[in-house]
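Here is the structure we will look at, set down as structure tokens.
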Amino acid sequence: MQSLQIAETAKSPSINLDCENGFLEIRGRSIIENTFAFYEPVFKELSEYVANPQERTVVHLALDYYNTSSQIWIYNILKELNKINDLPGKKIEIIWYYSDSDLLEAGKDFQNVSKVPITLREVKNADDDDEDF
């Protein structure tokens with residue numbers, strides 16, 4: 001299990017999977033044409049982390065826009081993270097950052113399919129979400 005860092009581009013989000021500290025952050029825009037090529041390595045590392053997670057895992061999802069194929073990967077990532085909730089002595093906290101009503105509704109949709117409660121946190125401007133990290 002390795003930590004994973006991917007820099008943000010105009011079409012892909014930044015990824016920070018810090019296995020040692022139990023932290024995952026996905027931030028930015030996800031309008032990638034080939035989502036499999038981008039998200040599959042992330043999912044693979046995440047799956048290895050989920051098999052032996054830290055006592056506490058914190059997840060920040062701060063996407064300002066994503067396409068339908070990215071939405072499927074986000075759902076799959078949340079589904080994988082839900083497995084941590086079933087492990088004795090392990091805790092997971094998921095925070096969905098939103099800046100508009102569409103992202104709020106998306107967060108609510110993800111709340112409905114997640115076994116782990118997802119906290120919805122409004123971001124009023126581009127710098128607000130940095131305060132919580």
Side-chain angles (χ1 to χ4, degrees):
M1 165 176 58
Q2 296 181 18
S3 291
L4 180 65
Q5 305 278 327
I6 300 173
E8 182 176 359
T9 71
K11 292 188 175 189
S12 65
S14 65
I15 305 285
N16 178 9
L17 175 58
D18 183 347
C19 298
E20 187 175 309
N21 293 302
F23 180 73
L24 170 63
E25 176 187 46
I26 301 175
R27 169 187 291 274
R29 180 169 291 237
S30 186
I31 53 172
I32 310 155
E33 289 183 32
N34 186 351
T35 54
F36 181 85
F38 181 83
Y39 282 106
E40 179 62 21
V42 175
F43 191 83
K44 181 180 179 224
E45 291 300 326
L46 180 63
S47 294
E48 289 182 27
Y49 172 78
V50 167
N52 187 25
Q54 296 295 329
E55 187 175 307
R56 180 172 182 255
T57 301
V58 176
V59 179
H60 289 182
L61 298 171
L63 293 162
D64 55 30
Y65 186 81
Y66 54 89
N67 60 16
T68 303
S69 57
S70 295
Q71 180 179 4
I72 293 166
W73 279 100
I74 295 163
Y75 171 78
N76 289 336
I77 287 168
L78 287 171
K79 189 174 173 184
E80 187 69 14
L81 289 166
N82 280 321
K83 293 177 182 179
I84 294 173
N85 200 46
D86 297 330
L87 299 172
K90 306 296 181 179
K91 295 181 182 176
I92 182 165
E93 176 184 1
I94 301 173
I95 302 170
W96 177 269
Y97 292 88
Y98 68 93
S99 58
D100 61 36
S101 60
D102 289 340
L103 289 170
L104 172 60
E105 289 305 313
K108 288 179 181 178
D109 289 344
F110 284 123
Q111 280 180 321
N112 290 331
V113 297
S114 177
K115 292 189 303 186
V116 177
I118 298 174
T119 301
L120 302 176
R121 189 163 297 160
E122 184 176 12
V123 178
K124 291 186 174 53
N125 65 52
D127 297 324
D128 281 357
D129 56 351
D130 290 336
E131 294 174 10
D132 296 316
F133 295 0

* Any sub-3.5 Å donor-acceptor pair from W96's side-chain atoms to K108's backbone N or O? -> no

dist Q111:CD -> T119:OG1 (nearest 0.5 Å) comes out at 8.0 Å

Exercise for review: Treat each ILVMFWY residue as a node, draw an edge where side-chain heavy atoms are under 4.5 Å apart, and state whether I6 and W73 are in one component.
Suggested key: yes

Tightest non-hydrogen contact, residues I32 and S69, listed as O-OG, 4.1 Å

The side-chain contact (heavy atoms from CB on, under 4.5 Å) partner of I26 among I74, V59, L17, I15 is I15

Given the rule that I, L, V, M, F, W and Y join up when any side-chain heavy atoms are under 4.5 Å apart, are I92 and V42 in one cluster?
yes

d(L61 CG, L63 CG) to nearest 0.5 Å is 6.5 Å

Closest heavy-atom pair, D100 versus D102, reported as atoms and distance to 0.1 Å, is OD1-N, 3.1 Å

Report task. Check the pair Y98, R121 against side-chain contact (heavy atoms from CB on, under 4.5 Å), reporting the backbone distance first and the verdict last. Result -> CA-CA 6 Å; Y98 68 93; R121 189 163 297 160; 5.6 Å; no

message: Using the rule that Ile, Leu, Val, Met, Phe, Trp and Tyr join whenever any side-chain heavy atoms are under 4.5 Å apart, tell me whether Y65 and L120 fall into a single cluster.
response: no

Scanning both residues in full, the closest heavy-atom pair of V116 with S114 reads O-OG, 2.7 Å

For atom CD of E33, decide whether the heavy atoms of other residues, nucleotides or ligands shown that lie under 6.0 angstrom number more than 12.
no

Rounded to the nearest 0.5 angstrom, the OG1-CG distance for T57 and N21 is 10.5 Å

Please check: side-chain N/O of S3 versus main-chain N/O of C19, any donor-acceptor pairing under 3.5 Å?
yes

Counting N and O atoms only, with roles assigned by atom type, does the side chain of E25 sit under 3.5 Å from a partner on the main chain of H60, one being a donor and the other an acceptor? no

Smallest heavy-atom separation, E8 atom then R29 atom, equals OE2-N, 4.1 Å

Looking at D18, is its backbone amide N or carbonyl O close enough to the side chain of Y49 to form a donor-acceptor pair, meaning the two atoms are under 3.5 Å apart? no

Within the structure provided, determine whether F38 and S30 are in side-chain contact (heavy-atom separation under 4.5 Å). no

* Heavy-atom check, side chain of L81 versus side chain of L24, under 4.5 Å -> yes

One should read off an interatomic distance between K115 NZ and I84 CD1, to the nearest 0.5 angstrom, of 11.0 Å

*Would the number of heavy atoms belonging to other residues, nucleotides or ligands and lying under 6.0 Å from NZ of K90 be above 12?*
yes

Note to self: Do S12 and Y39 have side chains that approach each other closer than 4.5 Å (heavy atoms only, starting at C-beta)?
What the structure shows: no

query: Hey, quick one: are V50 and Y75 part of the same hydrophobic cluster, counting side-chain heavy atoms closer than 4.5 Å, chains of contacts allowed?
result: yes

Side chain to side chain, T35 and I72, heavy atoms closer than 4.5 Å:
no

Min side-chain heavy-atom separation Y66-L103 under 4.5 Å: yes

Residues S47 and E80: closest non-hydrogen pair is OG-OE2, 3.3 Å

